[in-house]
Engineer: 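Below you will find the structure I want to go over with you.
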Amino acid sequence: MAPLQAVIESFPYIISGMGVTLGLVGLALALGLMVGIPMAVGQVYGGKWTGKFIAFYVWIFRGLPNLVLLFLFYFGIFPLMGLNVSAFFIGALALGLRSAAYQTEIFRGAILSLGEGQMLAARSLGMSKNQAILNIMLPQALRIALPGWSNEYPILLTDSSVCYAIGVMEIMTRGNQMVTRTYQPMPIYFACALIFILMNYGGLSLFRAVEKRVHVPGFGSSDQS
């Protein structure tokens, strides 16, 4: 089959994997957020052993490659528990738990950047520690963390391609299937790369728009004037 014909015939099939890829990225990003924010708060304001446990989690999950996590969950942990879990769920879980380790550090850095004075000022107004964290510290920290946090999107987007290893029907899995049918690897993988670049551009443009809307510090004085 000619290269151009291979691309034309393969493109609709490959692009149909976009929904699966975006689903993986969206779930992983949300899971990382739900786990990362409480762990960041716990590491800054929690007790000694809470901080040690969270630091251990971050150390473990930042050190494990995504492929190893996928295989551990897909071939090890869930089968040993007697659970029949879909490859898509395992992919999102593995990506999300690893992202949570990175997101913990992003939000921890944002909280620490506020300084102790913010907490002391809130406590002097009669707020409890939890009220000060929820009403004063976290809203500011989330705004500061947005640029770093949005960087998790392209990371997860590219990392999602490893889910082909357990058969998730995302973009690269579909691309590989078309390569075996057409014997045209170069044009097919070029089409996959183009789709990833467009998804990356679209997602980051959306995050930039959010940063501009919430007036993230350093976004650009000319845009905020």
Side-chain angles (χ1 to χ4, degrees), residues 1-33 36 61-62 64-71 73-74 86-103 106 145-214 216 218-220 223:
M1 184 180 293
L4 182 59
Q5 185 184 357
V7 171
I8 292 173
E9 291 189 8
S10 303
F11 204 75
Y13 183 69
I14 297 172
I15 209 168
S16 64
M18 280 179 60
V20 177
T21 296
L22 286 174
L24 285 171
V25 173
L27 287 175
L29 205 57
L31 177 60
L33 191 66
F61 277 88
R62 285 203 305 186
L64 287 174
N66 281 313
L67 195 58
V68 174
L69 272 177
L70 285 174
F71 287 163
F73 282 121
Y74 191 70
S86 72
F88 175 83
F89 175 82
I90 290 176
L93 180 67
L95 292 174
L97 291 177
R98 189 161 186 267
S99 178
Y102 287 104
Q103 293 190 42
I106 291 170
L146 186 56
W149 180 76
S150 65
N151 196 46
E152 281 296 295
Y153 171 76
I155 292 173
L156 285 169
L157 186 62
T158 51
D159 285 353
S160 68
S161 62
V162 301
C163 292
Y164 87 92
I166 56 173
V168 179
M169 294 300 289
E170 45 73 60
I171 292 171
M172 284 309 299
T173 306
R174 292 173 183 270
N176 285 328
Q177 289 179 342
M178 293 310 299
V179 168
T180 60
R181 293 181 195 175
T182 62
Y183 299 103
Q184 289 289 349
M186 192 63 186
I188 299 295
Y189 290 137
F190 181 78
C192 292
L194 180 63
I195 293 171
F196 274 112
I197 289 170
L198 291 175
M199 291 172 71
N200 191 26
Y201 176 78
L204 288 180
S205 298
L206 180 62
F207 282 115
R208 283 289 184 183
V210 173
E211 284 183 32
K212 189 175 181 180
R213 187 170 182 80
V214 300
V216 171
F219 182 80
D223 295 327

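Reckoned from all heavy atoms, side chains included, excluding hydrogens, waters and symmetry mates. Along the sequence shown, residues carry numbers from 1.
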Engineer: Just to verify, what does Phe73 make a ring pair (Phe, Tyr, Trp, His ring centres under 6.0 Å) with, not counting sequence neighbours?
Structural biologist: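 Per chain and number, Phe73 pairs via ring pair (Phe, Tyr, Trp, His ring centres under 6.0 Å) with Phe78.
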Engineer: For Gln184, enumerate each residue passing the side chain to side chain donor-acceptor pair (under 3.5 Å) test, keeping only those at least two apart in sequence or located in another chain.
Structural biologist: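 Scan of Gln184 (side chain to side chain donor-acceptor pair (under 3.5 Å), adjacent residues dropped) gives none.
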Engineer: Quick test of your reading: applying ring-ring contact (aromatic ring centres under 6.0 Å, His included), list the pairs with at least one residue in residues 150-198, sequence neighbours left out, ordered by first then second residue.
Structural biologist: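 Output for this query lists Tyr153-Phe207.
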Engineer: Checking Phe61 now: which residues fulfil ring pair (Phe, Tyr, Trp, His ring centres under 6.0 Å) with it, not counting sequence neighbours?
Structural biologist: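 Scan of Phe61 (ring pair (Phe, Tyr, Trp, His ring centres under 6.0 Å), adjacent residues dropped) gives Tyr57.
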Engineer: Looking at residues at least two apart in the chain, or sitting in another chain, which of them share a side chain to side chain donor-acceptor pair (under 3.5 Å) with Gln103?
Structural biologist: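 If we apply the side chain to side chain donor-acceptor pair (under 3.5 Å) test to Gln103, skipping adjacent residues, the hits are Ser99, Trp149.
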Engineer: Are Leu70 and Cys163 side-chain neighbours, meaning at least one heavy-atom pair lies under 4.5 Å?
Structural biologist: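 Yes. Closest side-chain heavy atoms under 4.5 Å.
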Engineer: Within a strict 4.5 Å, meaning less than it, do heavy atoms of the Met18 and Thr21 side chains meet?
Structural biologist: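 Side chain of Met18 against side chain of Thr21, heavy atoms only: no contact under 4.5 Å found.
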Engineer: Sequence neighbours left out, what passes side chain to side chain contact (heavy atoms under 4.5 Å, CB included) with Leu198? Give chain and number order.
Structural biologist: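 Side chain to side chain contact (heavy atoms under 4.5 Å, CB included) check on Leu198 returns Leu194.
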Engineer: Taking the side chain as everything from C-beta on, heavy atoms only, tell me whether Met199 gets closer than 4.5 Å to Val25.
Structural biologist: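 In short, these two side chains do not touch, never coming nearer than 4.5 Å.
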Engineer: Are more than 12 heavy atoms, taken from residues, nucleotides or ligands other than Tyr13, located less than 6.0 Å from that residue's OH atom?
Structural biologist: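 Yes, the 6.0 Å shell around OH holds more than 12 heavy atoms from other groups.
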Engineer: Are the side chains of Leu69 and Leu97 in touch, meaning some heavy atoms are under 4.5 Å apart?
Structural biologist: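 No - every pair of side-chain heavy atoms lies 4.5 Å or more apart.
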Engineer: Any side-chain heavy-atom pair from Glu9 and Thr182 closer than 4.5 angstrom?
Structural biologist: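 A side-chain contact under 4.5 Å is absent here.
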